[in-house]
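Okay, so here's the structure we're looking at.
For this chain, numbers begin at 1 and follow the sequence in order. Bear in mind the structure is a predicted one, so any value in this text is a computation, not a measurement. All values below come from the heavy atoms of this structure, side chains included, with hydrogens, waters and symmetry mates left out.
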Amino acid sequence: MCSSDLGPRARQGGTGDVVPKLLEATLHYRVTTMKYHSISSGRTKDYLLHPYRLAFAQGGLYLLAYVPAYKDVRTFAVDRITSVSLEKDTFTPREQIGDDVFANSLGINSGPAADVDIGFDASVAPYVRARVWHASQQLREKADGSLVLSMRVCHDWALRSWILSWGRFARVLSPTSLARELVTDLDAASAHYQPRA
């Protein structure tokens, strides 16, 4: 794969040898150390990891790797990796990563899937009906022209932002925990528009 095939985000980060080293690590199961800049914490952190695979999604290249310190597979944006070193040790993968690594998410997340039901107003129902938003989706038409979209997806930020993008025309019917998270998001957004004293 040529670097020009990776999209603009994947070419921004790290040194020029990051992607070739990660490919080597995923192909030959090489234990790897890397420096990674986290946007959420605002700092660069050292990781020891077992790289499983590289995946291109939503304009960026991502590394899925098992992190022994966390005993979990994590997703890292390649454009935030500042350096990579291949160790002499090899590893045996603890789990298989399928071809569609983000299958449970509307975005870039490899978390577990859970059920969600979203009600859509009749005025936007034709737009919702016209697309396949996720492979698991099912539509239930209502007598008043509205509809309910059911999916089994990860309840991550990608799902919440997608629901919020429909504004007042969409409402989470279940689970109530997700509906409460959206209320919190909406309250926080609304506070930005309150007059300042």
In this structure, CG of Leu178 is separated from CD1 of Ile163 (nearest 0.5 Å) by 5.0 Å
Item checked: Test item: Asp187 side-chain N/O and Ser190 main-chain N/O as donor-acceptor pair under 3.5 Å -> no
### Query
Got more than 12 heavy atoms from elsewhere within 6.0 Å of OH, Tyr29?
no
Starting from Trp162, can I reach Val116 by hopping between I/L/V/M/F/W/Y residues whose side chains sit under 4.5 Å apart? yes
*Any side-chain heavy-atom pair of Phe76 and Val67 under 4.5 Å*: yes
Just say parallel, tilted or perpendicular for the rings of Tyr66 and Tyr52, cut-offs at 30° and 60°. parallel
In short, Leu23 meets Thr26 closest at the heavy-atom pair O-OG1, 2.9 Å
Same apolar cluster: Leu182 and Val148, side chain cutoff 4.5 Å:
no
So side chain to side chain donor-acceptor pair (under 3.5 Å) across residues 166-183, not counting sequence neighbours, yields Asp117-Ser174, Arg160-Glu181
**Asked** Mind checking whether Ser38 and Lys45 have side chains closer than 4.5 Å, heavy atoms only?
**Response** no
Are more than 12 heavy atoms from other residues, nucleotides or ligands located less than 6.0 Å from atom CZ of Arg74?
-> yes
**Prompt:** Is there a side-chain contact between Asp185 and Trp157 (heavy atoms, below 4.5 Å)?
**Reply:** yes
For Ala170 and Ile118 the tightest heavy-atom approach is CB-CG2, 4.2 Å
Can you confirm whether Asp46 sits close enough to Met34 that some side-chain heavy atom of one is under 4.5 Å from a side-chain heavy atom of the other? no
Closest non-hydrogen atoms of Lys21 and Val84, given as atom of the first, atom of the second and distance, are NZ-O, 3.1 Å
Between Asp144 and Ala122, the two heavy atoms sitting closest are O-CB, 3.7 Å
Considering only heavy atoms from C-beta outward, does the side chain of Leu61 approach that of Leu22 to under 4.5 Å? no
With sequence neighbours left out, the residues meeting side chain to side chain contact (heavy atoms under 4.5 Å, CB included) with Ala25 are Arg30, Thr32, Pro51, Leu86
Problem - Close side-chain approach of His28 and Thr90, heavy atoms under 4.5 Å - result: no
Heavy-atom nearest pair, Arg152 first then Ser136, reads N-OG, 2.9 Å
So does Gln194 have more than 12 non-hydrogen atoms from other groups sitting under 6.0 Å from CD?
yes
Between Pro68 and His50, the two heavy atoms sitting closest are CG-NE2, 3.8 Å
- Query: With a 4.5 Å heavy-atom cut-off, do Leu48 and Val31 have their side chains touching?
  - Reply: yes
